[in-house]
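Step one of this worksheet: look at the structure below.
Everything numeric here is computed off the predicted structure, so don't read it as measured data. Residue numbering restarts at 1 for every chain, and letters A, B, ... go by the order of the sequence lines.
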Amino acid sequence: MNRSGMSDDAPHGQLRLFAGDRDPAEYEAWMAAIRGAEAILFASAQPVAAEDLAERLAPGTDVAHVLADLRTIYASRGVNLVEVAGKWMFRTAPDLAHLLTREQVEPKKLSRAALETLAIIAYHQPVTRAEIEEIRGVSTNKGTLDVLMETGWIRMRGRRRTPGRPLTYGTTEAFLVHFGLEAVTDLPGVDDLKAAGFLEGAVPPGFRVPVPNASDTLMPDEDPLTELDFQDYEPLPPEE
Amino acid sequence: MNRSGMSDDAPHGQLRLFAGDRDPAEYEAWMAAIRGAEAILFASAQPVAAEDLAERLAPGTDVAHVLADLRTIYASRGVNLVEVAGKWMFRTAPDLAHLLTREQVEPKKLSRAALETLAIIAYHQPVTRAEIEEIRGVSTNKGTLDVLMETGWIRMRGRRRTPGRPLTYGTTEAFLVHFGLEAVTDLPGVDDLKAAGFLEGAVPPGFRVPVPNASDTLMPDEDPLTELDFQDYEPLPPEE
Amino acid sequence: MVTTDEWSESRLDVDPTAGEAFVVDLDGFEGPLDLLLTLARNQKVDLARISILALADQYLAFIDKLGEHRLELAADYLVMAAWLAYLKSRLMLPPDEVPQDEPSAEELAGMLAMRLKRLEGIRILAGRLLDRSRLGRDVLPRGAPEETGLVKRSLWEASLYDLLDAYGRQRQRDMVRVHTVRKRQVWALADARDILERLVGTIADWAPIDDYLVRYMTGPDSRATVRASAFSAALELVREGRMELMQSSPFAPLYMRKGPGGPDTPEEGA
C-alpha cells in the first residue's frame with residue numbers, strides 16, 4: 001500500500017519501506033525508525049548528523065537508508081529533508097518561501113518635491129536632471145529621484161547625447177496604470193490645465209506645456225543605457 | 001471536521017486528496033494547498049490560526065478541509081498535526097518522547113498547592129481567590145498565584161462585580177498550548193471521572209464540574225481590569 | 001488513580017502497629033480539609049458513603065494527640081475541630097430538638113462530604129491535566145522554526161489631481177520668474193569711472209573712446225549701458241580736469257585724451 005501517497009512522481013516504489021516481501025516485524029521496525037528520525041529531525045534546533053541519529057534510534061538501524069527514505073518521502077512535500085554540511089534538517093520547500101513572509105502594505109504619500117519632479121518627468125520626458133532643476137528652479141535631491149524610482153513610476157530611459165551625457169528619465173507603464181491614463185499624451189495640455197484651474201491668471205505668450213513623448217524607442221539624441229548605469233539602482237524596480 | 005483521522009489505521013481513501021474522479025487541475029490546486037499549509041505549519045513553532053493560513057494560501061482554499069487532510073496524513077507519522085487553543089501546530093508524536101530527551105525542557109515542578117490552584121482556575125474560571133480558598137479549605141498564599149502567573153498559564157481576567165470587587169482569574173492560551181487542549185471546554189471532565197469509577201453512587205448535592213469559561217469577553221458580573229491592577233505583576237505574561 | 005509523580009509523595013505515614021493512631025507531619029497537609037480528606041480516604045469507603053461522625057471523631061482525636069506534643073496549631077485546624085465537635089453533638093441529638101431555621105445535622109454533614117468530594121475531584125482533575133502530553137516535555141514543537149517575517153512594502157499614493165496640481169503650481173511659479181529674473185545688466189558709474197581713469201592715463205593723444213570701451217560691451221544689451229555710464233563718468237572726469245573730450249559734430253565719434261590735471265596732479269577733493 002502506498003501510505004505516503006503524496007505525489008505522483010515520487011518514486012515511492014523505491015522506498016525501502018515498501019520494498020519486496022517484508023515480514024511484518026521488519027516493517028514495524030522500519031516504520032519506527034522512520035518515525036523516530038522524523039521526530040528527532042523535527043524537534044532539533046540544529047541540523048542533525050547521521051551518527052547522532054544512529055545513537056538515538058534503535059541499535060543497528062540503517063540510518064543512511066532511513067534518511068534516504070525520508071528524503072524521498074518529503075521530496076514533493078511542503079517541507080523537504082535537506083543535507084547541509086553533512087548534517088540533516090527539515091526545511092521549507094524553496095518554492096514556498098514566499099508563503100512564510102507576509103507582506104504588509106504601507107500606504108505612503110509622495111512628498112511635494114517628488115510629485116513636482118514626477119509631473120515634470122511626465123510632461124517633459126525624456127528629461128534630464130538638469131532640465132528638471134531648471135524647470136523647478138531648485139536643485140533636485142538624489143533621494144527624490146530614488147523615491148520615484150521606488151514607486152516604479154519612472155525609469156531611466158537613456159543618456160542624452162550632450163556634454164556630460166546626462167541620464168534621461170521617463171515614465172513607466174505602471175505610471176499610466178496608477179494614474180488611469182491610456183498614454184502620457186492623455187495628460188492635459190495648457191488649455192485643459194487652465195480650464196481645470198491648475199493654471200491661473202494670464203498665461204504669457206510663449207508659455208507652453210510640452211506634449212510628452214513616452215515612446216519606448218529612444219529619441220535621436222538619446223543613447224541606450226549600459227549595465228553600468230544600473231549599478232546605482234539596486235535592486236531594480238520590477239518593471240525595469 | 002473529521003476527527004476520526006487521528007488513529008493509526010487512518011483510511012487514506014477518505015482524504016479529499018484522493019477522493020473521487022478529480023480533474024488534474026483540481027488535484028494540482030489541492031496539492032498546492034496541502035504543501036503550502038504544510039510549509040507554514042512546519043515553519044512556525046507557535047500554533048497557527050486557520051484564518052492565518054487562509055490569508056496566506058490561495059484565495060478560496062477550503063482551509064478546514066486542508067487541515068483535516070493534513071491531520072490524517074500525519075496521524076501515524078513521527079510528527080502529528082494537532083489543534084491547540086483553536087489553532088494548529090505540528091508536534092512530535094507523544095509516544096516518541098523517549099527519543100527526544102535532549103530537546104526536552106523539564107518544567108519547573110509546581111507545589112501541590114499550585115497544582116490544585118491551577119486546576120481550580122482551569123475548571124472554575126472565572127474564579128476569585130476566595131472561591132479557590134473555599135474549595136481548597138485553606139487560605140491561598142500570594143506566592144502560589146505569583147508562581148502560576150510566572151508560568152504564563154493563568155492571567156487576571158477582571159474584577160467580579162461583588163462587594164470588595166475581587167480579581168477574577170482564568171487560564172491563558174499558553175496554558176492550552178502547553179497541555180495540548182483545543183479549548184478549556186476540552187478539559188477532561190465529569191465523563192472521565194465517571195469512567196474512572198470516581199463518581200459511582202450518589203453525587204452529593206451541588207457537586208458538579210463546571211463548564212469553564214475562558215472566552216476573552218468578560219462575564220456579565222466581571223469588570224475589566226484597570227492599569228492599577230497590573231502594578232503588582234511585573235513583568236506581565238506575554239498574552240496580557 | 002493519580003499517577004503523576006507530583007502526587008505520589010506519601011503524607012500520611014500509618015504505623016500499622018498503632019491501630020488508628022497516626023504518625024503525622026502536619027506540614028505535609030494543605031489545611032484541615034486536606035487532613036479530613038486524607039482521614040476519610042483511610043476509611044477505605046466511597047466518599048459518598050463516608051461516616052461523617054466517625055470522621056469527626058478521628059479528626060478530633062488526631063488534633064488532641066497533636067495538642068499533646070505541640071503547643072501551637074494553625075488556627076484553621078482549630079476552627080475545623082470546633083466546628084466538627086459542634087457537628088458531632090448535633091448529629092447525636094434527636095432531630096426534633098434542632099431549631100427549625102438552621103440546617104439539619106444531616107445537611108451539614110452532607111455539605112462537608114460534598115466539600116471533601118469536590119476537593120478530591122479537583123485533585124483528580126489536576127492529576128489528569130498533568131498526565132496529558134505536555135508541550136516541551138512529552139511532545140516537542142519545531143526545534144528550528146523558520147523565519148515567518150513580515151515584509152513591509154510601501155504602497156505609494158498619489159492621484160492624477162495631485163500630479164496636475166503639482167505641475168500647474170510649479171509652471172505657474174515659472175511664469176512669474178520669467179518677469180522678475182530678466183534683470184537688466186548695467187555698468188555701474190563707479191566701475192566706469194575706475195576704468196576710464198585707468199585708460200586715460202595711457203593715452204597721450206586724442207583717441208576715439210569707443211575703441212577702448214568695445215571690450216566691455218559683451219553683448220548688444222550691454223552696449224547702451226556701457227556707453228551711458230562711460231559718458232557720465234567721462235563728464236565728471238572732465239570737470240575735475242583729468243580728461244578732455246572732443247566731438248566734431250552731433251553723433252560723431254567722441255575723442256578723449258589726458259587732461260591738464262591728470263593723474264600726476266594731486267586730487268582736489270570732490
* Structure fact -> One should read off an interatomic distance between L125(C) CG and H124(B) NE2, to the nearest 0.5 angstrom, of 8.0 Å
* To do: Could you pull out the closest heavy-atom pair between A93(B) and V139(C), with the gap in Å?
  => C-CG1, 4.4 Å
* Write down the atom of T92(B), the atom of L140(C), and the distance for their closest heavy-atom approach. => OG1-N, 2.8 Å
* Would you call R132(C) and H178(B) a side-chain contact if the rule is heavy atoms closer than 4.5 Å? -> no
* Can you tell me how far the CZ atom of R137(C) sits from the CD atom of Q104(B), to the nearest 0.5 Å? -> 8.5 Å
* Asked: Quick one: of H98(B), R136(B), Q46(B), E103(B), who has the most non-hydrogen atom pairs under 4.5 Å with chain C?
  -> R136(B)
* Quick one: what part of F90(B) sits under 4.5 Å from any heavy atom of chain C, side chain, backbone, both or neither? -> backbone
* Option that, when pairs with chain C are counted at under 4.5 Å, heavy atom only, ranks first among V79(B), L100(B), T101(B), L41(B) -> L100(B)
* Structure fact -> chain C shares the most heavy-atom pairs under 4.5 Å, among S139(B), P94(B), P47(B), S111(B), with P94(B)
* Check the pair L129(C) / L187(B) against side chain to side chain contact (heavy atoms under 4.5 Å, CB included), numbers first and verdict last. => CA-CA 8 Å; L129(C) 200 57; L187(B) 283 164; 3.5 Å; yes
* Backbone of E134(B) reached by a side-chain donor or acceptor of R115(C) within 3.5 Å -> yes
* To do: I would like to know whether L119(C) and E116(B) meet side chain to side chain contact (heavy atoms under 4.5 Å, CB included); could you show each step before the answer?
  => CA-CA 9 Å; L119(C) 180 60; E116(B) 267 178 34; 3.8 Å; yes
* Taking the side chain as every heavy atom from C-beta outward, state whether L115(B) and L130(C) have any atom pair closer than 4.5 Å. => yes
